[in-house]
Amino acid sequence: MAIDRKKILEDIKDQQCGSQELAQRMLIAEPEELKKIVQDYVAYKFMLELQDFEQTDNIIKLADISVKNAVKHKNVRWDQRDCHGATESMNKKVLMVSALERSLGFRFSNDEYMNINTVSDLAAAVLRNREE
């Protein structure tokens, strides 16, 4: 079953589907389509364009782009750390993965979570967990 990625992104922009729908598509997608859907999910959650993924596959760097875009017109340091040493980008990654876990109905192990650094890693973790 081929996934019409352009249609998904158009639906997202038209708000006919969102993160929950993308997560559900992850559960049924063929393995070769899964990374594209995970990328679309990250783009949706981080408010990114697909061309942002041409720069990097790294989730923290993608979150950096998202945070920079959000504070572009404000006098705020986007890379500032909180009292626990976490940046806004780190927090965005944690929240995005947590939301995905809730949507998919399973949790990644702590070891697995610590090894999710890229969109490809996240897609592989989804594939492993949905097959269990």
Side-chain angles (χ1 to χ4, degrees):
M1 172 174 109
I3 304 290
D4 184 351
R5 191 167 189 216
K6 189 173 182 179
K7 172 79 169 105
I8 292 171
L9 293 175
E10 287 171 5
D11 289 348
I12 290 169
K13 287 181 181 171
D14 293 339
Q15 297 186 357
Q16 294 177 15
C17 81
S19 59
Q20 184 68 33
E21 170 120 6
L22 287 170
Q24 294 306 308
R25 290 179 186 190
M26 286 180 211
L27 293 173
I28 60 171
E30 297 295 327
E32 61 275 1
E33 295 286 333
L34 183 60
K35 182 182 175 196
K36 293 175 188 170
I37 298 171
V38 171
Q39 188 178 63
D40 293 342
Y41 182 88
V42 173
Y44 177 82
K45 291 303 245 183
F46 286 179
M47 295 182 290
L48 298 172
E49 300 291 331
L50 288 181
Q51 65 260 22
D52 293 321
F53 292 86
E54 294 170 5
Q55 298 177 40
T56 186
D57 188 39
N58 183 284
I59 294 172
I60 293 293
K61 289 181 181 177
L62 290 166
D64 286 347
I65 294 168
S66 175
V67 173
K68 284 180 198 177
N69 289 340
V71 299
K72 191 180 288 185
H73 302 292
K74 298 178 183 174
N75 191 17
V76 177
R77 286 200 50 210
W78 66 270
D79 59 347
Q80 190 171 331
R81 293 180 181 267
D82 66 15
C83 61
H84 302 289
T87 64
E88 286 298 317
S89 299
M90 291 173 187
N91 292 334
K92 281 182 86 80
K93 175 190 173 190
V94 169
L95 292 171
M96 185 265 301
V97 172
S98 294
L100 180 60
E101 288 174 323
R102 280 191 306 278
S103 294
L104 294 174
F106 55 73
R107 298 195 58 83
F108 302 118
S109 70
N110 289 340
D111 288 339
E112 192 167 39
Y113 176 81
M114 295 305 295
N115 289 312
I116 296 174
N117 297 306
T118 65
V119 173
S120 299
D121 296 340
L122 182 56
V126 169
L127 184 62
R128 277 192 303 276
N129 281 275
R130 78 174 195 186
E131 292 176 348
E132 291 181 357

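Heavy-atom basis, side chains included; hydrogens, waters and symmetry copies ignored.
One hydrophobic cluster, built from ILVMFWY side chains closer than 4.5 Å, holds both Leu22 and Phe106. Under the 4.5 Å side-chain heavy-atom criterion for Ile, Leu, Val, Met, Phe, Trp and Tyr, Leu95 and Met90 are members of distinct hydrophobic clusters.
Once rounded to the nearest 0.5 Å, the distance linking CZ of Arg130 with CD1 of Ile28 reads 9.0 Å. Between the CD atom of Glu30 and the CG atom of Leu127 there is a distance of 10.5 Å, given to the nearest 0.5 Å. Taken from CD in Gln39 to NZ in Lys36, the straight-line distance is 9.5 Å, to the nearest 0.5 Å. The CZ atom of Arg107 sits 4.5 Å away from the CD atom of Glu101 when rounded to the nearest 0.5 Å. To the nearest 0.5 Å, the span separating CZ on Phe46 from CG on Asp64 amounts to 9.5 Å.
By the 4.5 Å heavy-atom criterion applied to side chains, Asn69 and Met47 are not counted as neighbours. Contact of the Asp52 side chain with the Glu49 side chain is registered, since non-hydrogen atoms from C-beta on lie closer than 4.5 Å. Residues Ile65 and Leu48 form a side-chain contact, since some pair of their non-hydrogen atoms from C-beta on lies under 4.5 Å apart. In this structure the side chain of Asn117 never reaches within 4.5 angstrom of the side chain of Ile60, judged on heavy atoms. By the 4.5 Å heavy-atom criterion applied to side chains, Ile59 and Met96 are counted as neighbours.
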Intermediate values then yes/no, side-chain hydrogen bond (donor to acceptor under 3.5 Å, both in side chains), Thr118 and Asp121
CA-CA 5 Å; Thr118 65; Asp121 296 340; 3.3 Å; yes

Evaluate Glu21 against Arg25 for salt bridge (Lys or Arg N to Asp or Glu O under 4.0 Å), listing each step before the verdict.
CA-CA 6 Å; Glu21 170 120 6; Arg25 290 179 186 190; 2.7 Å; yes

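Relative to the ring axis of Tyr113, Lys93 places its NZ or CZ within 45° and under 6.0 Å from the centre.
Nearest heavy-atom pair, Leu34 versus Ala123, reported as atom, atom and distance to 0.1 Å: CD2-O, 3.3 Å. Scanning all heavy atoms of the two residues, the minimum distance from Ala23 to Leu104 falls at O-CD2, 3.1 Å.
Using a distance-only test at 3.5 Å, with no hydrogens or angles considered, no donor-acceptor pair links the side chain of Asn129 to the main chain of Val126. Formation of a donor-acceptor pair under 3.5 Å by the Asn115 side chain with backbone atoms of Asp111 is found in this model. Panel note: side chain Tyr41, backbone Leu100; a donor-acceptor pair is recorded below 3.5 Å. In this structure, the side chain of Gln24 engages the main chain of Ser103 through a donor-acceptor pair within 3.5 Å.
Partners of Arg128 under the side chain to side chain donor-acceptor pair (under 3.5 Å) rule, at least two apart in sequence or in another chain, are Glu112.
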